[in-house]
Structures are given as C-alpha cells and as structure tokens.
Asks: 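Have a look at this one before I ask anything.
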Amino acid sequence: MKVCIMGQGYIGLPTAALFSRNHCEVVGVDINEEIVNNLNKGIIHIEEPGISDIIRQSVKKNTYKASLTPEKADAFIITVPTPYIVENYSCDLSYVITACETIVPLLEKGNTVIIESTIAPMSTDEVIKPIFEKAGFKIGEDLYLAHCPERVLPGKILEELVHNNRIIGGVTPECSVKASEVYGQFVEGHLMLTEAKTAELSKCMENTFRDVNIALANELTKICAEIGVNALDVIKLANKHPRVNLHSPGPGVGGHCLAIDPYFIYAKAPETAKIIKLARDTNNSMPDFVCKYVEKIIPNGKIAVLGASYKGNTDDDRESPAYDIIARLENDGYEIAVHDPHLERDNFVSFGDAIDGADLILILCDHNEFKHPDYKLISEKMQNPIIFDTKNIIPSVPEGVTLYNYGNLYEI
Ligand code: SAJ
C-alpha cells in the first residue's frame, strides 16, 4: 500500500514511520523545506523516542521519503494543525482544507482519504466532504472518506499508535471499512467503526474530560489555599477510593489538545457547554494564581524559571502556560532567567546561570531533571534558597531550603 501523509509533525511523522516500518511505501509531505531536507537525510525535528531510528532505516530502504508536494497514493492521511479561532473559539480548518484541495488533483477512484487532525463535530460532513464532492467523487462509492482521530500521548507515541484502540469514523459504512484496512497495516488495538461526527465528538470529549478534571483539581487547590488545607494530601487520600481519580493541579494546561479541543465543542453549543467553558476559564486562570503567590513569596528580585515545555520530558511548548507566567512576571518587574534542558531557545540559560543570584526557583514543568535538583549548587548560588514547585514534583528539600508547593500555599 502507498500512503501519502500531509503534515510531518508530532503525529504525521510517527504515523509515517509506522507505515514504512510495516512495508508500506510512504511519502511524508510538509510545507517546511528545511524539515523535508533533513527528513530525507534521516534527521528528525521532534523529540519522540524510537522515531529517529525507524525514519533513518526507512530512508535507507527507500520505503520513506519526505517531499514538499504530495504524490498519487492508495491512501491519503491529513495530519495538519487545527488551531482555534480566537474571536469565537471555533475550529480553524484552513490547513485541513488546503491539504484536501492540494490532493484533489491526485485522487483516483478507490482511494481513501483520512482526516486525523482533531476537528470540531460535523466538520467532515459539512466542510470536508463537499471539497471532494465538488471534484466529482461519490463518497462511499468511488472515494472513501473518514475521520480517524489520533489518541496518543507525547513521549509514548510509537507504542500508543500501535496498541491504542482506534476510532474509525467513516462518512458511510463503506468508508469506515476502507479506512480500517489502512490502519490495519500497523494498528494492533481494536478498530472501532462509527460515523464521522461521532468520531469527531468522541475525540474532543476525551480531552475535555481531562481538562474538566484538571480544572477540578486546580479549583481544589485554590479552595485549600484559601481555607488552609493541604490540597496534595486531599488528592492522595481521596484517590484511595476505588472510583475516584482526582487529577493533578498545576500552573495551567498546555499543549495542542486539552487547551484547544474543548473550545471546538463550546463553539458548537455555547449556551449549553457551560461546564466545558468554565473548566477552560479555571485552567486559564492558573498562571495568574501562580503569579499571585510568587508576589507573596518575593515582592521583587530574580526568579529562576525551570521548564517551559507544556509537559514533562518533551520538547513541545505549544500553548505552554509557562510563557504566560513568564510574561506576567517580567511585566511585574522581576528579573527572569529560564532554564529548560529539553528546549533550545536563544534566551534560555543553563541551570547554573539561571539560579545564580536568584531569589526564587519557580518550577513550571515536571521534567525528570527537576525532581532532584543539585542542592549543593543551589546553596552556593542562592543566598536564601526558596523553591516554588507548581508541579508538586519535589518530594522534600534539605535543611536551609524552603519549599512551597500546592500543599502549603496557605503558609505563605
Ligand atoms: N495536566 C495537569 N494535570 C494533570 C494532567 C495534565 O495539569 O493531572 C496538564 C499537563 O501539564 C499539560 C496538559 O495538562 O500541560 C496536557 O497534558 P496531558 O498529558 O493531559 O495531555 P496531552 O495534551 O499531552 O495529550 C492529550 C492526551 N489525551 C488524553 O489523555 C485524554 C492524548 O491521549 C491525546 O492524544 C492528545 O491529548 C491529543 O492529541 O489530543
């Protein structure tokens, strides 16, 4: 089977890797020339375990090539970004539409087109299907169209792409069958056949479920700070109940999924989707909450910010709440030095430089490197070491170091 994958990002590239590992011929299309050139040399641009080896071998075996333009294939998979439109929170389908329009001239009878990008409910039927119908295709008869959302966790993408169950939302039942044949090339989880609109809403609701639960944990933290209870103990103890799973509070919710997908549902039914919007607002309020407590700990001075990725052990900083927090603190007059071992940015510094003369270490991301910091260096470089751990990852600190986390905010 020949597969053409539009978009070689966090999902498109691992998906391409797996098809090529499973003996399909793969063309990975991207609009970024540098990325394409590097991929053809076997050099990948994302930090994700396992992908690099597969792409290098596939390039060598000629089962994978990157290109700026798509080619004729049996199946086309669209994995391009779908941001939200700031004015009305709706799903920006422009990249998906462009990708679909680009492949139209290459399509042949019997081809399958799969949209993997997360899209708002009804997008496949109302916006994407007409693009192909206008080109003369009869969906379900001579062209097969489906929405099959990816459901993988960054850091474990390869494993989850293979083993997770997969929702296959065909525009018609025939489309679902054809799309499941495509994923059958490498997916070992169940292929669950359904309608496109059900697949769209299921995907958005998965991330909304998580966002709402994180909002609940964040609200609990605020309540505990107000009334003087250790929020982390509450979570630990409540979670001993067999049917309770309170999530972890933090500095806010980042990433391209939880911070965005709930809006796609909200935009479709703004009068009704009340909990969903309130959860978004609660999570968006966390940077402000963090800054408020930073101000209570130190009214001015230098802050060493540890971590700008949106989640631990990844190099992904899309929608990261860290940037909001940094901007607010800079605006309030603090000197900020950011250190992130997973992100290369011009203005980021080493751990030693970040903490040098700092008045506060502010942990915003749960990278493994931050769980057991070098306390010897900290006591050398900081006069009165204080750590504010918004990810609650530091178990304890040696004498002479003050630790604040979401368990003891009320002591500040
Ligand atoms: N977070 C918390 N508290 C928690 C869990 C997460 O504050 O208890 C924060 C994280 O720090 C991060 C954000 O939420 O900023 C999102 O992280 P995440 O690990 O929950 O999710 P993502 O965005 O990396 O991946 C999610 C996953 N969805 C679900 O678990 C329902 C993944 O399976 C999806 O494939 C992905 O979204 C996606 O592409 O939609």
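One-based numbering, in listed order, for ligands and for the atoms of each. Just so it is clear, the structure is predicted and the values come from calculations on it, not from any experiment. Index from 1, following the sequence.
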Asks: Put together the list of close N/O pairs, under 3.5 Å, between ligand 1 and the protein, could you?
Replies:
from, atom 1, to, atom 2, distance (Å)
ligand 1, 3 (N), Ser248, O, 2.6
ligand 1, 8 (O), Ser248, N, 2.8
ligand 1, 8 (O), Ser248, O, 3.4
ligand 1, 11 (O), Tyr310, O, 3.4
ligand 1, 11 (O), Lys391, NZ, 2.9
ligand 1, 15 (O), Gly254, N, 2.9
ligand 1, 15 (O), Tyr310, O, 2.9
ligand 1, 19 (O), Lys311, NZ, 2.8
ligand 1, 20 (O), Arg210, NE, 2.5
ligand 1, 20 (O), Arg210, NH2, 3.1
ligand 1, 24 (O), Tyr310, OH, 2.5
ligand 1, 24 (O), Lys311, NZ, 3.0
ligand 1, 28 (N), Asn207, OD1, 2.7
ligand 1, 35 (O), Glu150, OE1, 3.3
ligand 1, 35 (O), Val152, N, 2.7
ligand 1, 35 (O), Val152, O, 2.6
ligand 1, 37 (O), Asn207, OD1, 3.2
ligand 1, 39 (O), Glu150, OE1, 3.4
ligand 1, 39 (O), Glu150, OE2, 2.7
ligand 1, 39 (O), Lys203, NZ, 3.3
ligand 1, 40 (O), Lys203, NZ, 2.4
ligand 1, 40 (O), Asn207, ND2, 2.6

Asks: Could you give the distance from CD1 (Ile119) to CZ (Phe264), rounded to the nearest 0.5 Å?
Replies: 9.5 Å

Asks: Hey, are the side chains of Val338 and Leu343 touching, using non-hydrogen atoms and a 4.5 Å cut-off?
Replies: no

Asks: If only side-chain N and O atoms count, and only distance matters, is there a donor-acceptor pair under 3.5 Å linking Glu369 with His342?
Replies: yes

Asks: Within 45 degrees of the ring normal and closer than 6.0 Å to the centroid, is that where the cationic atom of Lys296 sits relative to Tyr293?
Replies: yes

Asks: Is the closest side-chain heavy-atom distance between Pro83 and Tyr95 below 4.5 Å?
Replies: yes

Asks: Assess Arg280 against Tyr263: is NZ or CZ under 6.0 Å from the centre of the six-membered ring, and within 45 degrees of the ring's axis?
Replies: yes

